[in-house]
Amino acid sequence: MAAQYGTGEKTLKLYLIGLVLCLILTCASFGVVAYHPVAGKAAFICLSVLAIAQLFVQVIFFLRLNTNTPEARWNVLSFVFAIFVVVILVGGTLWIMYNLNYNMVH
Amino acid sequence: MNAHHDTGSNKVFGFWLYLMSDCVLFATLFAAFAVLHKNTFGGVGVKEVASLGFIFVETMFLLFSSFTFGLAFMSFTRDKKDQALMWLGVTFLLGLAFLGMELYEFAHLIHTGNSWERSAFLTSFFVLVGTHGLHVFFGLIWMLVTMSQLKSKTLEPKMRTRMACLGLFWHFLDLVWIFVFTVVYLMGGI
């Protein structure tokens with residue numbers, strides 16, 4: 001039934017696993033900033049990894065994105081493409097602005 | 001023909017595509033924030049904007065509201081209308097708590113002279129976090145409408161499409177929030 005909308009079936013078990021994972025990842029993120037187990041660049045990378053991991057958890061366990069049916073694959077494809085656009089947008093902006101800033105200062 | 005069988009999934013896919021464009025919108029706001037977050041012009045920086053504990057509670061409210069919406073949807077698909085309404089109500093209250101905390105944070109900033117006019121950092125902060133909050137606000141209104149429709153209508157296919165779209169929207173808001181609290185609050189506090 002849910003398959004007709006291109007996502008997997010939602011079950012309580014999956015939602016609970018997703019919730020627990022998200023709680024762990026969120027607490028880990030806040031823990032990195034609150035207790036400083038790692039510093040500076042390492043902390044930055046940790047937070048990025050934790051955020052991306054939680055993105056995956058929520059997309060798989062809450063949104064139930066999968067590649068089982070043709071419809072589901074279209075959902076994944078459009079999602080991947082949107083991420084691609086986002087990466088270019090944000091990455092490109094940072095690159096350009098960093099460059100401009102460098103040329104202003106030097 | 002069998003067109004009326006397909007329109008539900010077309011609508012949900014169409015709504016998903018809208019959400020993908022919303023992703024790109026938020027990406028532009030994140031990019032602007034990333035560029036401007038150090039431009040505090042003598043005003044407050046991220047560290048002074050909010051306490052970790054406060055943001056943690058906000059995050060919990062939104063995360064749990066995403067979870068309880070899942071419960072609402074599952075109740076709905078199992079034809080338990082009253083249970084679905086109950087979980088939608090819980091989701092609404094959790095979302096409202098999140099928004100209330102955010103509005104309190106904004107009001108505090110504005111009253112202490114740190115509105116979006118103070119610096120480029122604060123402008124990009126208010127636009128990014130505010131746009132997310134505005135989405136939550138509209139989601140809450142949509143939720144109220146859904147609850148009222150669920151009360152008066154039977155569990156017909158139309159309601160399933162609507163619940164699916166609202167679910168996508170509500171989960172999407174929590175997804176964006178992951179990056180808001182990570183990029184804005186946590187990375188600023190390293």
Side-chain angles (χ1 to χ4, degrees), chain A residues 1-7 9-12 14-16 18-19 22-23 25-27 29-30 32-34 36 38-41 43-44 46-48 50-52 54-55 57-59 61-64 71 74-75 78-79 81-83 85-94 96-98 101, chain B residues 5-6 8-13 15-17 19-24 26-28 30-36 52-53 55-56 59-60 63-64 66-71 73-74 77 157 160-161 164-165 167-168 170-172 174-183 185-190:
Chain A
M1 263 212 305
Q4 87 180 143
Y5 290 157
T7 57
E9 203 205 334
K10 296 174 198 252
T11 67
L12 180 61
L14 287 170
Y15 259 86
L16 278 169
L19 178 67
C22 285
L23 282 171
L25 291 167
T26 306
C27 290
S29 287
F30 276 85
V32 165
V33 179
H36 314 289
V38 286
K41 268 239 145 67
F44 191 85
C46 271
L47 287 178
S48 306
L50 287 169
I52 292 170
Q54 198 178 143
L55 171 79
V57 167
Q58 292 210 14
V59 166
F61 289 92
F62 286 1
L63 284 175
R64 302 291 295 117
E71 271 162 348
W74 277 111
N75 289 337
S78 54
F79 185 59
F81 181 69
I83 300 295
V85 170
V86 164
V87 166
I88 290 175
L89 233 162
V90 177
T93 300
L94 291 174
I96 290 171
M97 296 309 290
Y98 178 81
N101 183 55
Chain B
H5 267 305
D6 292 329
S9 55
N10 279 345
K11 285 176 182 147
V12 176
F13 184 62
F15 191 78
W16 175 252
L17 291 179
L19 284 177
M20 294 300 97
S21 75
D22 225 13
C23 262
V24 177
F26 275 106
T28 66
F30 272 107
F33 180 82
V35 171
L36 297 171
L52 274 185
I55 303 303
F56 184 76
T59 307
M60 289 298 109
L63 175 63
F64 275 92
S66 220
F67 176 73
T68 56
F69 185 90
L71 295 178
F73 190 82
M74 282 184 269
T77 55
R160 196 197 167 86
T161 308
C165 288
L168 285 179
W170 198 252
H171 285 321
F172 170 77
D174 199 35
L175 281 177
V176 174
W177 181 253
I178 297 170
F179 291 95
V180 172
F181 82 74
T182 300
V183 171
Y185 297 101
L186 293 186
M187 287 183 175
I190 290 178

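First the proteins, then the strands, lettered A, B, ... as listed; each starts at 1. On a predicted model such as this, the values are computed, not experimentally measured, just so you know.
- Only the side chain of A:V85 comes within less than 4.5 Å of a heavy atom of chain B; its backbone N, CA, C and O stay farther away.
- Contacts between B:M187 and chain A at a heavy-atom distance below 4.5 Å involve backbone atoms as well as side-chain atoms.
- Using a 4.5 Å cut-off between heavy atoms, A:I83 does not touch chain B at all.
- At a 4.5 Å heavy-atom cutoff, the contact between B:F181 and chain A is made by side-chain atoms alone.
- Applying the ring-ring contact (aromatic ring centres under 6.0 Å, His included) test to B:W16 and every residue at least two apart in sequence or in another chain returns A:F79.
- A distance of 9.0 Å separates OG1 of B:T77 from NZ of A:K10, quoted to the nearest 0.5 Å.
- The CG atom of B:L71 sits 6.5 Å away from atom CG of A:L12, with the distance rounded to the nearest 0.5 Å.
- The line from OG1 of A:T7 to CG of B:L168 is 7.5 Å long, rounded to the nearest 0.5 Å.
- Only the side chain of B:F179 comes within contact range of chain A, with heavy atoms under 4.5 Å apart.
- Interface remark: of the candidates B:T182, B:L17, B:L52, B:L52 forms the most heavy-atom pairs closer than 4.5 Å to chain A.
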Self-check item: Residues B:L186, A:V32; criterion side chain to side chain contact (heavy atoms under 4.5 Å, CB included); working and verdict
Solution: CA-CA 9 Å; B:L186 293 186; A:V32 165; over 6 Å; no
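- Note that the CD atom of A:Q58 and the OG atom of B:S66 stand 5.5 Å from one another [nearest 0.5 Å].
- Scored by the side-chain hydrogen bond (donor to acceptor under 3.5 Å, both in side chains) test, B:T28 finds no partners at all (sequence neighbours excluded).
- Proximity to chain B (any heavy atom under 4.5 Å) is shown, for A:L50, by neither the backbone nor the side chain.
- A:L19 has its side chain within reach of B:F64: a pair of non-hydrogen atoms, C-beta onward, lies under 4.5 Å apart.
- In this structure, A:F30 and B:F56 have perpendicular ring planes: the angle between them is above 60°, well past the 30° mark.
- Within the model, atoms CD of A:Q54 and OG1 of B:T59 stand 8.5 Å from one another, a figure rounded to the nearest 0.5 Å.
- Contact annotation for B:S21: neither backbone nor side-chain heavy atoms come within less than 4.5 Å of a heavy atom of chain A.
- Interface remark: B:V24 contributes backbone and side-chain atoms alike to the contact with chain A (heavy atom separation under 4.5 Å).
- Within the 4.5 Å cutoff, side-chain heavy atoms of B:F67 are placed close to those of A:L16.
- Side-chain rings of B:F69 and A:F62 stay apart, their centers remaining 6.0 Å or farther from each other.
- Taking chain B as the reference chain and counting heavy-atom pairs below 4.5 Å, the highest number among A:G91, A:S78, A:A82 is found for A:S78.
- For the set A:T93, A:L55, A:L89, the count of heavy-atom pairs under 4.5 angstrom toward chain B peaks at A:L55.
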